[in-house]
2 protein chains.
Amino acid sequence: MISKTYSISELAAEFDVTTRSIRFYEDQGLLHPSRRGQTRIYSSKDRVRLKLILRGKRLGFSLAETRELFDLWDDSLSGSEKQLQLLLKTINGKRAELEQQLKDIAMVQLELDNAESRCLEALSELESKKQMTAE
Amino acid sequence: MISKTYSISELAAEFDVTTRSIRFYEDQGLLHPSRRGQTRIYSSKDRVRLKLILRGKRLGFSLAETRELFDLWDDSLSGSEKQLQLLLKTINGKRAELEQQLKDIAMVQLELDNAESRCLEALSELESKKQMTAE
DNA sequence: GTGACACTTTACGTTAACGTAAACTTCATT
DNA sequence: AATGAAGTTTACGTTAACGTAAAGTGTCAC
């Protein structure tokens with residue numbers, strides 16, 4: 001069974017990034033596509049990685065951070081206890097970050113709600129004034 | 001009643017940022033402390049703004065984005081209907097961003113859970129091997 | 001009045017994450 | 001055979017968000 005592969009521009013189109021960016025991610029050690037001649041060929045694993053990279057970006061992870069996570073994960077396959085312990089620690093670190101972000105998001109959502117209310121109030125205020133002058 | 005004020009280094013210490021950063025935020029139009037001579041004096045409103053700036057940063061907002069939000073909010077005080085409508089639109093745009101982030105966080109949390117499981121499994125695998133050789 | 005700090009401005013340096021241009025190669029079409 | 005589309009490498013340019021060094025001002029303790 002031959003699993004699906006992708007060209008660089010296919011991935012670029014699918015995830016709405018430039019080919020330049022994808023090559024850059026490879027340059028930074030985040031992707032390792034195979035090659036036919038000098039043309040890059042991306043596997044579905046590469047595709048997943050790209051998805052993870054972009055998800056990380058949306059959460060404010062730097063490429064270096066994401067790369068470290070990838071490396072840790074790959075290293076953990078070696079099975080060394082030390083690597084595994086380190087990976088566990090990193091995982092829990094990230095978890096803490098995410099929890100902080102959840103708190104932050106909740107706060108900002110409250111502020112947005114608040115802002116919207118005031119905004120709508122100010123608008124209805126304006127409307128009633130319009131009515132006044134119309135009468 | 002005179003409300004509390006803060007020096008630049010007080011704020012820097014409280015929020016664990018450099019004074020350089022705080023001055024930079026002012027330079028970018030995000031803060032507008034008053035002055036006694038040439039020394040900056042921060043009000044509690046300034047303090048709130050700084051808190052918002054940092055919260056935004058943790059969520060991956062650029063300083064420019066946060067600044068736009070501040071400006072929109074300030075402009076909305078003028079009460080012009082156009083400003084208010086624009087503010088409403090922007091608020092809902094940010095809300096959408098936050099929802100995407102919530103989804104992203106949920107996904108990453110799942111991946112972390114998954115990774116941790118595999119990791120723990122690999123560790124217990126190692127442990128049982130240790131037992132074997134000990135016997 | 002003189003350190004010793006805390007504050008200030010000015011300005012050049014740095015890193016991350018690409019953008020962009022130049023100059024190829026490969027391959028499919030006309 | 002030539003044109004065009006998609007791929008490639010190399011390399012310099014750019015923006016954001018500060019770091020860092022230099023040089024000066026204000027004021028409080030001694």
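Labels below follow one simple rule: chain letters A, B, ... track the order of the sequence lines, proteins then strands, and each chain is numbered from 1.
Under the side chain to side chain contact (heavy atoms under 4.5 Å, CB included) criterion, B/Thr18 pairs with B/Arg20, B/Ser21, sequence neighbours left out. For A/Ser62, the side chain to side chain contact (heavy atoms under 4.5 Å, CB included) partners two or more places apart in sequence, or in a different chain, are A/Ala64, A/Glu65.
In this structure, A/Tyr6 places its OH atom 16 Å from P of D/dG7, rounding to the nearest Å. C/dC7 atom C1' lies 14 Å from atom CG of B/Leu11, rounded to whole Å. Atom CD1 in A/Ile8 sits about 18 Å away from atom P in C/dT26, given to the nearest Å.
No option in A/Val108, A/Asn114, A/Leu110 other than A/Val108 meets the side-chain contact (heavy atoms from CB on, under 4.5 Å) test with A/Leu112.
At distances below 3.5 Å, at least one donor-acceptor pair connects side-chain atoms of B/Asn92 with backbone N or O atoms of B/Leu88. In this structure, the side chain of A/Ser44 does not engage the main chain of A/Arg47 through any donor-acceptor pair within 3.5 Å. Judged by distance alone, the side chain of A/Gln100 and the main-chain N or O of A/Glu97 form no donor-acceptor pair under 3.5 Å. Judged by distance alone, the side chain of A/Gln85 and the main-chain N or O of A/Lys82 form no donor-acceptor pair under 3.5 Å.
A heavy atom closer than 4.0 Å to some atom of DNA chain D occurs in A/Arg35, A/Gln38, A/Thr39, A/Arg40, these being the qualifying members of residues 34-45 of chain A.
Contact check for B/Val48 versus B/Leu52: side-chain heavy atoms found under the 4.5 Å cut-off. Side chains of A/Leu50 and A/Glu14 form no contact here, defined as non-hydrogen atoms less than 4.5 Å apart.
Transitive grouping of hydrophobic side chains (ILVMFWY, heavy atoms separated by less than 4.5 Å) keeps B/Leu123 and A/Leu72 in distinct clusters.
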Which donor-acceptor pairs under 3.5 Å do side chains of residues 23-31 of chain A form with protein atoms, sequence neighbours excluded?
unit_1  : atom_1 : unit_2  : atom_2 : d
A/Arg23 : NH1    : A/Thr19 : OG1    : 3.4
A/Glu26 : OE1    : A/Arg40 : NH1    : 2.7
A/Glu26 : OE2    : A/Arg35 : NH2    : 3.0

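The shortest distance between the side-chain N/O atoms of A/Ser9 and the OP1/OP2 oxygens of D/dG7 is below 4.0 Å.
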Each nucleotide of nucleotides 11-22 of chain C classed B (base within 4.0 Å of a protein heavy atom), S (only sugar-phosphate) or -, in 5' to 3' order, makes B-----BBBB--
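Looking at heavy-atom distances under 4.0 Å, A/Thr19 makes no contact with the nucleic acid at all.
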Provide a list of protein-nucleic acid N or O atom pairs under 3.5 angstrom, restricted to nucleotides 1-5 of chain C.
none

